[in-house]
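Below you'll find the structure, written out as structure tokens, and then a few comments.
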Amino acid sequence: QVGKSDVMAGSVTSSSKERPASRTSFIPELQSMMFALGDTRRPLYETAALVEDIVHTQLINMLHQACEGASLRGSRVISAEDILFLMRRDKKKLARVLKYLQFRDYKSKLLKNLEEEDVQQEPGGLAAGGNQRRQRLAQDFLAWMDQTGEFLSLAEKQEVDPVKQERMERLERHTRNMDPAQYAEFCESRQLSFAKKASKFRDWLDCSSLELKPNSIATEILSYLAYETVAQIVDLSLLVKQEMTVKNNPVSHVISASYIHYNTHTESSPATVEPPSGAIQPCHIREAIRRYNYRHTVGTHAYRRSGMAFLTC
Amino acid sequence: MDDLALERYFDDSIANDPSYMVEEELDLQNSLKESHASSTNSQNSSNLLGETETSGRLSNDLDLSFLPDDLGNQSSTTTVLATAATNQNAELDVLEDSGINLDDNLHDMAAVKCQVTVNLGSESNASPFCPMTPMTPMTPMTPMTPMTPVTEKSGIIPQLQNIVSTVNLGCPLDLKFIALQARNAEYNPKRFAAVIMRIREPRTTALIFSSGKMVCTGAKSEEESRLAARKYARVVQKLGFPARFLDFKIQNMVASCDVCFPIRLEGLVLTHQQFSSYEPELFPGLIYRMVKPRIVLLIFVSGKVVLTGAKERAEIYEAFENIYPILKGFRKQ
């Protein structure tokens, strides 16, 4: 069975798939999210549209593969296990998903403490299993899959996640110079997530082409993965953007009068000229994806049917 | 056993036990008087009827002091509440809340007044360890824990929002019977295996389990929680069960306050990584897990801080005093 027809090796978007105009769009939310992840105050519309395309394609492809796994094991829904199975190769990302599930459990436990009224609304809460159901689910599956003990240790790993660390530092620098009003806006954007708009997310995903549908925990994980994909794209694109601006000025730190004169206005080739806002552009994203694909498909294994690496696993 | 017989039974037990004390006046200056149970046993009901605590109480739901507590040596402690050197908790309670919650014999009728003293405490810029409210009884200063010199007190006192406590009534209960007989009780065994009961004063909710254990939530102070728990126990008792009041324990205290300036959470999460986690797409506040004292703080951009996980009031104050200078360092200018 050849790769899915809608994604050619090397191509980034599902351009051959007809997208009805009335389809829900996350573009405004994506613009907000990109700002929250380190892009400029008003990310470009085209950039957000491209990101939306990429994220959607990736999710649908993941879902298709997860669907196959689910039907193979005789299940009637796509569950968390199928998605975790797809991610088994990348331990770091798997660890991040586990931490996310732990956090969700912890948050519901914490909030239950704060709001006494919830006591009777969550009757299962006082039962032993209720509190940690997501984490428990994940642990059970990993135990089943674990041959060498590497997965089970993931949940306990306390080491610093370098990607998250870098993101934290970047955001800290970003916010240092904001004034309170800007910062308030920034914080609001940071709170946006796909999980908050669960029903819109479900519509946008459009699982109609799938034989089996994802259950609620699987959808939760998918919304988290969607956010992580956006974050990854922004991470990589910012790097590319940074590189592109200095690429043509390798000796920019050595300044002489003639350099200043000749180089002030013609810094780089048209393809990398930045708009005054310094926003991420579609070309940065395409380049970032190209590099990522290259790194991740060459030589890994022959079964990458979609031809495009998943950013989240 | 009919109601009257029950009452008589309980009244008799008070008459014979000098250690049970009923607080007749809410005068805080006199709150530490010696036990006068022997003289008041016959006037119990009238005392209680005359008490000024609240207007919303049922007339047959008054006498709670005789609930045997199984805490052994209570009789000698009634006069020493003033010093209460044994319990750190008391320091705050004595000086702030007229120190009643230690000794269950002196059960707290002064919930209302306690609130007043707490408020006064905040106005007078009290530190957590030596609040000098004008209503402090003229007791000598209890020995306090030595305080490390702090550069600047915050001047803000977190307000308690919710107290969760548990108590063991000491006998198995027929939940169906309770749910049918008691007012304000709900019981839905398919959803949850406990009776949910509510009272209006103090405004609390109780979960009563068939094992006899009970959880009481919603009170705004330790004394309120204890008082409410006693009321629930009394209700159960009136229904005919041999309820006692064993191992009352405060399990969790939640407080909140406002530092009144915006906080740059990205900076805080970076420098205090081992303690904090901030995922705004999941939860808008930063979760700070303080190690000493073991308290979880939820810190929001707006400057609001919620503290939870405390077993004692002192922990809340200490945690807040610890975090305040850190928050000031990340004030968003």
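Throughout, a chain's letter reflects where its sequence line sits, starting with A, and its residues are numbered from 1.
Taking P284(B), S302(B), P280(B) one by one and counting their heavy-atom pairs under 4.5 Å with chain A, the maximum is reached by P280(B). For the set H174(A), E188(A), R104(A), M178(A), the entry with the most heavy-atom pairs within less than 4.5 Å of chain B is M178(A).
A salt bridge links R264(B) to E172(A): one of the charged nitrogens lies within less than 4.0 Å of a carboxylate oxygen. With salt bridges taken as basic N to acidic carboxylate O contacts below 4.0 Å, none links K99(A) and E279(B).
Around NZ of K107(A), the count of heavy atoms belonging to other residues, nucleotides or ligands within 6.0 Å exceeds 12. Atom CZ of F261(B) is surrounded by more than 12 heavy atoms from other residues, nucleotides or ligands within 6.0 Å. Other residues, nucleotides and ligands contribute over 12 non-hydrogen atoms within 6.0 Å of the CZ atom of R41(A). Within 6.0 Å of the NZ atom in K304(B), the count of heavy atoms belonging to other residues, nucleotides or ligands does not exceed 12.
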Please list every donor-acceptor pair under 3.5 Å in which a side-chain atom of residues 270-278 of chain B meets a protein atom from a residue at least two apart or in another chain.
| from | atom 1 | to | atom 2 | distance (Å) |
| --- | --- | --- | --- | --- |
| T271(B) | OG1 | G267(B) | O | 3.0 |
| T271(B) | OG1 | L268(B) | O | 3.4 |
| Q273(B) | NE2 | Q165(A) | OE1 | 3.1 |
| Q273(B) | NE2 | L270(B) | O | 3.3 |
| S276(B) | OG | H272(B) | O | 2.5 |

Atom pairs and distances, side-chain donor-acceptor, residues 167-178 of chain B, under 3.5 Å, sequence neighbours left out:
| from | atom 1 | to | atom 2 | distance (Å) |
| --- | --- | --- | --- | --- |
| N168(B) | OD1 | G170(B) | N | 2.9 |
| D174(B) | OD1 | K176(B) | N | 3.2 |
| D174(B) | OD1 | F177(B) | N | 3.3 |

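When side chains are defined from C-beta on, L110(A) does not count as touching F283(B), because their heavy atoms never get closer than 4.5 Å. By the 4.5 Å heavy-atom criterion applied to side chains, Y227(A) and L282(B) are not counted as neighbours.
Only the backbone of L192(A) comes within less than 4.5 Å of a heavy atom in chain B; its side chain stays farther off. With a threshold of 4.5 angstrom between heavy atoms, E169(A) approaches chain B through its backbone and through its side chain. For I263(B), the part lying near chain A is the backbone, with the side chain staying farther off; criterion is any non-hydrogen pair under 4.5 Å. For chain B, no part of M33(A) is nearby; none of its heavy atoms comes within less than 4.5 Å. Both the backbone and the side chain of V269(B) come within less than 4.5 Å of a heavy atom of chain A.
Both tests hold for K332(B) against Y183(A): distance to the six-membered ring centre under 6.0 Å, angle to the ring axis within 45°.
For the side-chain hydrogen bond (donor to acceptor under 3.5 Å, both in side chains) with E266(B), the qualifying choice from R176(A), R170(A), R190(A), R167(A) is R190(A), the only one to do so.
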